Amino acid sequence: MELTHLDQIKEILETGELRRIEFEKTEDIEIINLFQGIYGVAYAWYAAGCRTLDDIRNKKAGIKVSEVQEIGLQHYDDINTRMPREEAHEIFVAIKETALSLDPKLFIEIMGSYRRGKSTCGDIDILITRSTEDGKTHEGILPTLLNMLQTMGIIHEHLSLPDLSVDPLEAVYRGLCVRPLREGEGPESKRLRRRIDFLTVPWINRGAALIYYTGDDIFNRSLRLKANKMGYSLNQKGLSAGVVRSPTRYTVKLCDGHMIASETEEEIFRILGVYSAAFHQVSADYECSRPSKVCLGKNLTNGYGPSKWSMLCLPVYPHGLLALGLRKLGAPATPQGRVKAIQAPSLNIVYTLPTLYKR
DNA sequence: CGGCAGTACTG
DNA sequence: CAGTAC
DNA sequence: GCCG
């Protein structure tokens, strides 16, 4: 008798949760993961024959290394060490204070793994926007803020600067920072470089932006897939209805539809039918309404089968979808993952297991 | 057998 | 366009 | 790899 998905899910939930990283322990994926620790790095480096960071430093096989990637190499260990939650907090507090000194009406929020309540953070994601009720906006704030933070010694190397020419309210900055000095601490004390992203969005898009940048990636993909199945489309700007897709090519949108929710996370989650008890909680509990990563385990392969997709993991979501993390294979392959989501009515059984709510 | 999230940016 | 970041 |  074949095991059903549900049998396997129950077994994993009962025997303990695994991380999807467990499924990535093949040599090529490990090396590609190593190279992806450098901002903007290409899978092409692996394809070109590079296998170590020194191969990259020595420009083996005639590969090109951009200025930004040199920064990534220089600070490789710093950038790829997760920071304690407390350190992310110190950096965020300093940035928020600085920003509010420019305009006390700015909306400044930290997103990413910090907002998901994680005890360590791989980077810092900061959202900046501003209520428009007094007719003003956050236009022009980001460059000024970045200059101040640089003077304060918080922001260091730039990886990508904001392009304000398209929409001055929508900008992205990526760079490296260090935490502010603590009380009585001299400038000689060692502080690791940390990855930091700033993004600004129009005030009305803040809810959708919060969902997207709070993540994680698999959660977003499953949520978007659910939106599609319900006839909507979700992106970092908002939830749209009336999207018409080509019957032959599903991904081709014939009609963009119209925005029905974007200002708050709650309205978007509510329309999508996502359990939202956590909205009454503080950020550290946010993760509890979010996916619990589990794997189907040894019964499923991560091997390179004849298919161009290889299974990595199976997160379980509170909104009633399972998603299989898949990796696209084949040459020229991209290591960017894909998600397969399955509508699973029986998932209600999973919800009741305490695993989903432990932290 | 098609589909697997959606968008922005780079070369 | 392919590749990559989020 | 697996679902519709």
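The structure displayed is predicted, hence computed values, not measured ones. Each chain gets a letter, A, B and so on, in the order the sequences are listed, and its residues count up from 1.
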Rounded off to whole Å, could you give me the [atom1]-to-[atom2] distance for the [X] and [N] pair?
{"X": "A/E67", "N": "B/dG11", "atom1": "CD", "atom2": "C1'", "answer": "16 Å"}
{"X": "A/K64", "N": "B/dG11", "atom1": "NZ", "atom2": "P", "answer": "10 Å"}
{"X": "A/R174", "N": "C/dA5", "atom1": "CZ", "atom2": "P", "answer": "10 Å"}
{"X": "A/Q69", "N": "B/dT10", "atom1": "CD", "atom2": "C1'", "answer": "11 Å"}
{"X": "A/L159", "N": "B/dT10", "atom1": "CG", "atom2": "P", "answer": "13 Å"}
{"X": "A/N228", "N": "D/dG4", "atom1": "CG", "atom2": "P", "answer": "16 Å"}
{"X": "A/Y39", "N": "C/dG3", "atom1": "OH", "atom2": "C1'", "answer": "13 Å"}
{"X": "A/Y212", "N": "B/dT7", "atom1": "OH", "atom2": "P", "answer": "10 Å"}

Review point. When the C1' atoms of D/dC2 and B/dT7 are considered, how many whole Å apart are they?
Key: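 It works out to 27 Å between them.
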**Study point:** Base-paired stems that DNA chain B participates in, counting runs of 3 or more Watson-Crick or G-U pairs under 3.5 Å
**Key:**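 In DNA chain B, stems of three or more pairs: B:1-4 with D:1-4, B:6-11 with C:1-6.
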Practice item. Just call it for A/L199: base, sugar-phosphate, or nothing, with non-hydrogen atoms closer than 4.0 Å on any strand. Key: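 No contact.
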Practice item. Under 4.0 Å between any heavy atoms, over every strand shown, what does A/D197 touch: base, sugar-phosphate, or nothing? Just pick one. Key: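 It contacts sugar-phosphate atoms only.
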Review point. Residues in side-chain contact (heavy atoms from CB on, under 4.5 Å) with A/S131, at least two apart?
Key: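 side-chain contact (heavy atoms from CB on, under 4.5 Å) list for A/S131, sorted by chain: A/E133, A/W203.
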Review point. Taking only residues two or more places apart in sequence, or in another chain, which ones meet A/Y212 in a side-chain contact (heavy atoms from CB on, under 4.5 Å)?
Key: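 In terms of side-chain contact (heavy atoms from CB on, under 4.5 Å), with neighbours along the sequence ignored, A/Y212 is linked to A/N220, A/R224, A/Q236.
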Point to revise | Residues forming a salt bridge (Lys or Arg N to Asp or Glu O under 4.0 Å) with A/E139, sequence neighbours excluded | key: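 None.
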Practice item. Please identify each residue that fulfils salt bridge (Lys or Arg N to Asp or Glu O under 4.0 Å) with A/E87, with sequence neighbours left out. Key: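 For A/E87 the salt bridge (Lys or Arg N to Asp or Glu O under 4.0 Å) partners, ignoring immediate neighbours, are A/R194.
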In terms of side-chain heavy atoms of [X], which of [options] is nearest?
{"X": "A/Q236", "options": "B/dT7, C/dC6, B/dA5", "result": "B/dT7"}
{"X": "A/Q36", "options": "B/dG6, C/dC6, C/dA5", "result": "C/dA5"}
{"X": "A/N235", "options": "B/dG6, B/dA8, C/dC6", "result": "B/dG6"}

Review point. Distance check: side-chain N/O of A/R195 vs OP1/OP2 of C/dC6, anything under 4.0 Å?
Key: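 It does, given that an N or O in the side chain of A/R195 lies less than 4.0 Å from OP1 or OP2 of C/dC6.
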Review point. For A/K59, does the NZ atom have more than 12 heavy-atom neighbours from other residues, nucleotides or ligands under 6.0 Å away?
Key: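 Count over threshold, so yes.
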Practice item. Sort and list the pairs that fulfil salt bridge (charged side-chain N to carboxylate O under 4.0 Å, His left out) and have at least one residue in residues 39-48 of chain A, not counting sequence neighbours. Key: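 Residue pairs with at least one partner in residues 39-48 of chain A: there are none.
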Check your understanding: Mind checking whether A/V172 and A/P162 have side chains closer than 4.5 Å, heavy atoms only?
Key ->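 No. Closest side-chain heavy atoms not under 4.5 Å.
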